[in-house]
Amino acid sequence: MTKGKISVHTDNLLPIIKKWLYSDSDIFLRELVSNAQDAIMKHKKLSGIGEAEAESKYEIHVKVKKEDGIITITDNGIGMTEDEVEKYINQVAFSGAEEFIKKYENEKDEKSKIIGHFGLGFYSAFMAAKSVEIDTLSYKEGAKPVHWVSDGGAEYEIGESDKDSRGTCITLHIADDSKQFLETSTIRAILNKYCAFLPIEIYLTDGSEEADKEIKPINNTSPLWLKNPNDCTDEEYIEFYHQVFMDFNAPLFWIHLNVDYPFNLKGILYFPKLNHELQSIEGQIKLYNNQVFIADNIKEVTPEYLMLLKGVIDCPDLPLNVSRSFLQNDGYVNKVSAHITKKVADKLTGLCKTDNEKYTQYWDDINPFVKYGCMRDEKFYDRVKDAIIFKKDDNSYVSLKDINEGEDKIVYYITDSDAQAQYVSLLKSENISMVYLNTNIDNHFISLLEYKNPELKFKRVDSYVSESIKESEDNNADNTSAIKSLFEKYAGDAKVDVQALKAKNVTAMFTISEEARRMEEMAKMYGNMGMMNLPKQEETLVVNSSNALVSKLAEREDDSIKELICSQIVAMAKLSRSSLTGDEKTEFLDRSAAILEKLLEK
């Protein structure tokens with residue numbers, strides 16, 4: 001058996017880097033600016049330990065020279081010697097940052113400041129450039145400036161440069177198919193996207209002398225999430241929210257993450273205010289690595305149900321892939337995600353306990369998120385179950401905990417107060433308290449609550465059952481039988497039940513059991529798949545024998561009047577559930593006109 005050594009040819013490798021390594025073409029600017037930052041952080045480290053002269057101010061300059069077709073990225077960092085250029089630039093995937101980290105691996109605070117690890121970021125320049133030049137001067141005493149140039153192939157030229165100041169300047173000769181990057185506004189947008197919070201000041205100009213005179217850094221080197229929460233004001237949190245998310249509604253509240261152990265995690269999560277019920281609940285959580293933007297809404301760090309939130313998370317220890325656009329899946333990422341989830345749950349439960357009045361004001365906006373989180377994550381439910389509350393029909397609130405600790409384990413709920421007004425009125429006459437459950441997620445959420453709390457039962461107001469209705473003492477069996485027989489002719493497939501209701505203004509109403517209604521809604525949701533053979537769910541027409549109209553109707557001898565009024569009462573009962581078909585609405589209007597004509601005949 002023979003042994004060999006696998007070889008990698010740059011002719012084959014560079015096209016892969018240029019076309020397939022990075023997800024977005026604008027990432028080349030992030031990579032080059034990040035490299036400039038690394039060069040500066042290295043010099044700061046060396047000057048701090050006395051191996052390099054101190055610098056009063058570190059800067060990164062990005063210049064767009066549209067007429068010349070070039071972009072330059074210049075730093076006053078550590079610079080490179082010719083040997084280092086040969087080592088770090090001409091050897092693909094050899095990371096100078098990684099080598100520097102290993103040399104100073106005991107300095108953990110500085111290790112976390114350096115971004116590069118793979119030695120590939122520089123070659124992203126060829127995604128936009130037809131050729132790239134490097135002019136660099138090392139901090140080392142006696143070092144000579146170096147010039148390097150390549151068109152992205154396997155060959156390069158290296159020689160002496162005329163650069164006279166420490167640091168590195170990268171010159172990109174933009175390719176014909178990437179001319180959009182020669183617009184200063186485009187470069188500004190890219191820098192704002194990826195480098196808005198880089199710790200080194202970044203200056204952007206068009207290369208003219210006038211522009212160079214009065215420029216300000218485009219980035220905020222000390223973002224709010226790096227500050228101690230105790231040193232931040234509400235005004236600062238709100239201003240930062242407006243700045244980052246361009247949402248001019250103030251957030252409801254926020255969570256400031258500030259963890260040093262067992263991992264380094266900082267950030268701010270905001271609970272946004274929803275403008276209306278139909279607004280999308282998808283938020284935006286930006287992931288940063290050492291203040292460099294990586295991506296939005298990375299599900300490995302922020303579970304799906306946290307995507308309602310808006311915020312920033314900066315975690316230098318997260319394992320990124322080679323392109324620094326996505327995370328490597330491992331146990332460490334799961335720990336970070338679990339910690340974020342716990343902090344969100346702790347904030348909710350803490351606010352519910354310490355400032356319940358404010359918490360109830362937030363509930364309409366945050367309850368879809370809380371409910372969805374409970375359904376998606378059992379641990380999240382266990383943490384927030386005591387913070388689950390319900391708005392009652394008198395606008396007060398009751399908690400899940402209070403309901404479980406009470407004697408009555410049946411909860412009647414309203415989904416549409418207008419459509420269900422007749423049923424609400426009936427239950428109020430019975431002194432039965434109700435809660436509002438009017439979001440799309442509630443039908444599934446109450447099933448979860450019943451599963452977690454076996455004694456608890458949720459029933460919609462239109463499923464109020466007859467055994468809960470007390471018959472009046474003066475209701476005789478003959479009268480009840482007559483009314484039942486009368487309405488059975490006009491009730492269709494519904495079962496007829498005659499009861500003396502306390503709400504005497506109610507003539508009749510249709511009810512359906514909670515279980516049957518949920519099964520019916522589930523069948524609609526899933527398009528009846530797998531439920532085609534379910535029997536039709538039986539409705540009950542409850543006729544109120546204590547209503548004056550119904551009582552007189554049973555005693556009436558004129559069959560034509562009985563038919564007209566009975567049909568109208570049944571239609572009114574259907575109308576209270578918004579369940580009249582088009583033909584039934586026409587018949588209802590025609591009958592209404594006929595009844596009015598009868599009144600005029602008298």
Side-chain angles (χ1 to χ4, degrees), residues 414 416-430 460-513 516-517 520 536-602:
I414 306 164
D416 187 329
S417 55
D418 291 331
Q420 296 159 0
Q422 186 180 35
Y423 302 95
V424 172
S425 176
L426 174 62
L427 268 71
K428 281 185 175 180
S429 72
E430 297 284 335
R460 202 167 76 176
V461 289
D462 55 354
S463 67
Y464 188 52
V465 293
S466 59
E467 56 261 29
S468 299
I469 303 172
K470 299 177 181 178
E471 294 188 35
S472 62
E473 295 179 357
D474 60 348
N475 192 42
N476 60 71
D478 292 339
N479 190 43
T480 299
S481 178
I483 294 172
K484 184 174 182 179
S485 298
L486 181 62
F487 277 89
E488 281 178 341
K489 297 178 182 179
Y490 310 103
D493 296 332
K495 173 186 174 184
V496 176
D497 190 10
V498 180
Q499 296 289 337
L501 309 182
K502 285 185 177 180
K504 296 179 185 281
N505 61 317
V506 175
T507 54
M509 62 176 61
F510 279 95
T511 66
I512 184 173
S513 72
R517 185 189 58 77
E520 185 180 82
K536 180 176 175 58
Q537 303 303 325
E538 187 178 77
E539 289 184 319
T540 299
L541 175 66
V542 178
V543 183
N544 184 9
S545 61
S546 66
N547 178 268
L549 175 61
V550 173
S551 297
K552 290 179 181 178
L553 189 62
E555 302 167 359
R556 187 83 181 188
E557 294 183 358
D558 188 338
D559 288 339
S560 63
I561 293 293
K562 280 186 177 182
E563 178 180 355
L564 188 66
I565 294 179
C566 281
S567 298
Q568 190 74 346
I569 289 174
V570 172
M572 288 166 57
K574 287 184 177 180
L575 189 62
S576 70
R577 293 188 59 205
S578 301
S579 58
L580 285 179
T581 65
D583 290 341
E584 287 173 337
K585 287 178 183 177
T586 301
E587 292 172 2
F588 177 80
L589 294 173
D590 290 344
R591 271 194 308 271
S592 297
I595 291 171
L596 292 175
E597 287 179 10
K598 294 287 184 183
L599 289 173
L600 291 174
E601 290 174 359
K602 294 184 178 180

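Positions are given from 1, in the same order as the sequence printed here.
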- side chain to side chain contact (heavy atoms under 4.5 Å, CB included) involving Ser429 - partner list, sequence neighbours excluded: Leu426, Lys502, Ala503
- Task: Calculate, to the nearest 0.5 Å, the distance between atoms CG and CG belonging to Asn505 and Leu549 respectively.
- Result: 12.0 Å
- Kindly give the heavy-atom pair with the smallest separation between Phe510 and Tyr423, and that separation in Å. O-OH, 2.6 Å
- Note on the structure: With sequence neighbours left out, the residues meeting side-chain hydrogen bond (donor to acceptor under 3.5 Å, both in side chains) with Glu488 are none
- What residues, two or more places apart in sequence or in another chain, satisfy side-chain hydrogen bond (donor to acceptor under 3.5 Å, both in side chains) together with Gln422? Ser576
- Any donor and acceptor pair, going by atom type alone, linking the side chain of Ser485 with main-chain N or O of Ser481 inside 3.5 Å? yes
- Please tell me if the side chains of Cys566 and Lys489 come closer than 4.5 Å, counting only heavy atoms from C-beta onward. no
- Between Ala573 and Ala508 the two heavy atoms that sit nearest each other are CB-O, 3.6 Å
- Message: Has Tyr490 got a side-chain atom pairing as donor or acceptor with Leu564's backbone, closer than 3.5 angstrom?
- Response: no
- Measure the spacing between CD of Gln568 and CG of Asp590 and express it to the nearest 0.5 Å. 10.0 Å
- Message: Just so I know, are the side chains of Lys484 and Val543 near enough to count as touching, which here means a heavy-atom distance under 4.5 Å?
- Response: no
- Message: Suppose we screen for side chain to side chain contact (heavy atoms under 4.5 Å, CB included). Which residues come up paired with Lys585, at least two apart in sequence or across chains?
- Response: Leu580
- Message: Among residues at least two apart in sequence or on other chains, which ones pass side-chain hydrogen bond (donor to acceptor under 3.5 Å, both in side chains) with Ser417?
- Response: none
- Which atom of Ser545 lies closest to which atom of Ser551, heavy atoms considered: O-OG, 2.9 Å
- Query: Is the side chain of Gln420 donor-acceptor paired with the backbone N or O of Asp416 at a distance under 3.5 Å, no angle test?
  - Reply: yes
- Query: Looking at side-chain heavy atoms only, is the closest gap between Phe487 and Val570 below 4.5 Å?
  - Reply: yes
- One should read off an interatomic distance between Lys574 NZ and Ile569 CD1, to the nearest 0.5 angstrom, of 14.0 Å
- Item | From CD1 (Ile565) to OG1 (Thr507), nearest 0.5 Å | 11.0 Å
- Picking from Thr540, Val542, Asp462, Leu541, what satisfies side chain to side chain contact (heavy atoms under 4.5 Å, CB included) with Met509? Val542
- Set of residues satisfying side chain to side chain contact (heavy atoms under 4.5 Å, CB included) with respect to Lys562, sequence neighbours excluded: Leu486, Leu553, Arg556, Asp559
- Atom OG of Ser592 and atom CD of Glu597: how far apart are they, to the nearest 0.5 Å? 11.5 Å
